[in-house]
Amino acid sequence: MRWNVKRYHTLDYEMKQTFGQKIIKLSLDGGFTCPNRDGLISDKGCIFCSEMGTGEFAGRRNLSITEQIAQQKQMLSTKWPSGKYIAYFQNFTNTYAPVEKLQELYLEALSATDIVGLAIATRPDCLPPKVLDLLGNLAETNYLWVELGLQTIHKSSATFIRRGYDLDCFIDTVNRLKERNIRVVVHLILGLPGESIEDMIETVKFIGNLGVWGVKLHLLHILRDTDLYEYYRLNPFPLLSREQYISIVCDALELLPPAVVVHRVTGDGAKYLLEAPKWSLDKLRVLSGIDKELARRDSCQGSRYHEASIM
Ligand code: SF4
C-alpha cells in the first residue's frame with residue numbers, strides 16, 4: 001500500500017486528501033502554563049520539558065494570536081509564499097485556562113485569513129467536561145484535532161518522566177474525545193531509559209488498538225535546558241543508534257493500522273540545545289533511512305497490524 005510516494009500514511013498526504021492542497025502548521029503560544037509545572041500537580045514538569053514547554057518553534061507569547069499568525073506566515077513565506085494553514089497551539093498545556101478564555105483564543109485563530117483548522121496540544125488530565133464540550137462544539141463546524149503526550153504505556157517509565165497522570169486517565173480522555181468526534185493524536189517517545197524494544201512496541205500496539213486518529217513518534221532527545229540532561233550527565237544511559245531507531249520506527253509503522261495518520265517519525269528538538277543523540281540532527285538521513293528500510297522489507301504501514309490487533 002502507498003500514500004503517494006511514502007509507505008506510511010503521512011500528515012501531508014492526509015491534508016492533501018482533505019483540503020486538496022498543501023497545509024502548513026503555524027506554531028502558536030497561547031500564553032498558557034502547565035499544571036505539571038506550576039505546582040498544581042508538580043512544580044518540576046516532565047523530565048524532558050524545556051523552558052519553552054516543548055515548543056521552541058512557536059510564536060512569541062507577548063504577541064496576540066492574530067499577530068503570531070501573521071508573524072509565522074511571514075517567517076515561512078520563503079518556503080511557502082502562500083497557502084492554507086492549521087493554527088497549532090503548541091507550548092505548554094493549551095486547555096489550561098477558563099473555558100471562556102479558551103473559546104476566545106481558539107475563535108481568534110479560526111477567524112484569521114487562510115486558517116482551515118485547529119490543532120491543540122494538551123494533557124488528558126486537563127480536559128474537564130466544559131472544555132470537552134467547547135472542543136466538541138468547535139469540531140462540529142471546524143477541522144480540529146487534539147494532541148496528547150502519552151509517551152509510554154509503562155508505569156515505571158511514566159514515573160521516571162514525571163508525567164503526572166496514569167494510563168486510565170489517558171484512556172478515559174481519549175474515549176471522551178472520540179465520543180465528541182474529536183480527532184486524537186498521541187505523542188510517543190522511543191528510547192526512554194530502561195525501556196526495551198519490546199516495551200516500545202507494546203506501547204505502539206496499544207495505541208494502534210485504541211482507535212486514535214494520529215500518532216507522533218519522537219526519538220528521546222537530551223536537551224541541555226532540561227532535567228533529563230542533568231540526569232543523563234550523572235547517570236549516562238544508552239541512547240538509540242540511528243540504525244536502531246529506524247528499525248523500531250519501521251516495526252511501529254508496520255504494526256499501526258493503515259488509517260492512523262503519522263504526523264511525525266522523528267523528533268524536532270532545538271539544534272542549539274541538543275546534547276545527544278547528535279545523529280538526529282540529520283533529519284533527512286533518518287527519513288530516507290526509514291523509506292529505504294521499509295522498501296528493503298517490502299512492507300508498509302499496517303502490514304503487520306493483525307499481530308497488534310490480537311494482543
Ligand atoms: S505536560 Fe507538556 S508542558 Fe507540561 S511539563 Fe509535561 S512536557 Fe512540559
Side-chain angles (χ1 to χ4, degrees), residues 25 27-61 68 88-97 101-102 105 118-128 131-132 135 145-174 176-177 184-193 195 203 207 212 214-232 263-264 266-270 273-275 280:
K25 269 195 306 179
S27 296
L28 307 175
D29 185 330
F32 298 97
T33 58
C34 172
N36 203 23
R37 294 185 62 131
D38 73 1
L40 186 70
I41 296 170
S42 156
D43 57 7
K44 291 195 166 82
C46 299
I47 196 165
F48 50 78
C49 186
S50 66
E51 281 305 307
M52 301 296 291
T54 65
E56 284 79 10
F57 306 109
R60 295 210 310 268
R61 59 169 43 202
Q68 288 185 47
Y88 178 31
F89 285 85
Q90 182 180 18
N91 300 53
F92 296 99
T93 301
N94 293 280
T95 56
Y96 189 41
K101 177 71 185 163
L102 296 176
L105 288 172
L118 212 55
I120 298 167
T122 188
R123 298 170 54 85
D125 55 358
C126 225
L127 283 162
V131 176
L132 284 170
L135 297 176
W145 75 74
V146 167
E147 300 192 3
L148 302 174
L150 177 70
Q151 323 307 355
T152 175
I153 59 167
H154 301 288
K155 201 173 172 183
S156 54
S157 303
T159 304
F160 171 77
I161 63 174
R162 310 190 305 231
R163 194 177 63 196
Y165 64 83
D166 61 21
L167 189 58
D168 286 345
C169 167
F170 169 78
I171 296 169
D172 183 54
T173 300
V174 168
R176 286 168 192 261
L177 288 163
V184 181
V185 178
V186 182
H187 291 232
L188 302 179
I189 294 182
L190 304 174
L192 288 170
E195 286 207 356
T203 294
I207 291 305
V212 298
V215 169
K216 280 189 176 180
L217 300 174
H218 300 266
L219 167 71
L220 181 75
H221 280 141
I222 313 285
L223 297 181
R224 276 190 284 274
D225 68 344
T226 63
D227 287 353
L228 182 61
Y229 171 67
E230 293 308 322
Y231 178 87
Y232 180 72
H263 287 232
R264 184 179 281 285
T266 61
D268 214 1
L273 291 174
L274 184 74
E275 174 69 15
S280 67

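As the structure lists them, so they are numbered: ligands from 1, and atoms in each ligand from 1. Only a predicted model underlies this, so the values are computations on that prediction, with no experimental measurement involved.
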Checklist entry - Which atoms of ligand 1 have any heavy atom of C46 under 4.0 Å away? => result 1 (S), 5 (S), 6 (Fe), 7 (S)

Item to check | Enumerated ligand 1 atoms positioned under 4.0 Å from heavy atoms of R37 | outcome: 5 (S)

Item to check | Close-contact set for ligand 1 against R123 heavy atoms, below 4.0 Å | outcome: 1 (S)

Checklist entry - Do any N or O atoms from the side chain of T203 and from the backbone of T152 form a donor-acceptor pair under 3.5 angstrom? => result no

Checklist outcome for this item: For G45, the ligand 1 atoms with a heavy-atom partner under 4.0 Å come out as 5 (S)

Item to check | Candidate list L150, L148, V184, test side-chain contact (heavy atoms from CB on, under 4.5 Å), partner V212, passing option | outcome: V184

Checklist entry - Heavy atoms only: which of P124, C49, C126, G149 is nearest to atom 7 (S) of ligand 1? => result C49

Next on the checklist: When you measure from the side chain of R162 to the backbone of N36, do you find a donor-acceptor pair of N or O atoms at a distance under 3.5 Å?
Outcome noted: no

Checklist entry - Do you see an N/O/S atom of C34, backbone or side chain, under 2.8 Å from atom 6 (Fe) of ligand 1? => result no

Checklist entry - Would the number of heavy atoms belonging to other residues, nucleotides or ligands and lying under 6.0 Å from CZ of R264 be above 12? => result yes

Checklist outcome for this item: Taken to the nearest 0.5 Å, the spacing of L177 CG from W145 CH2 works out to 14.5 Å

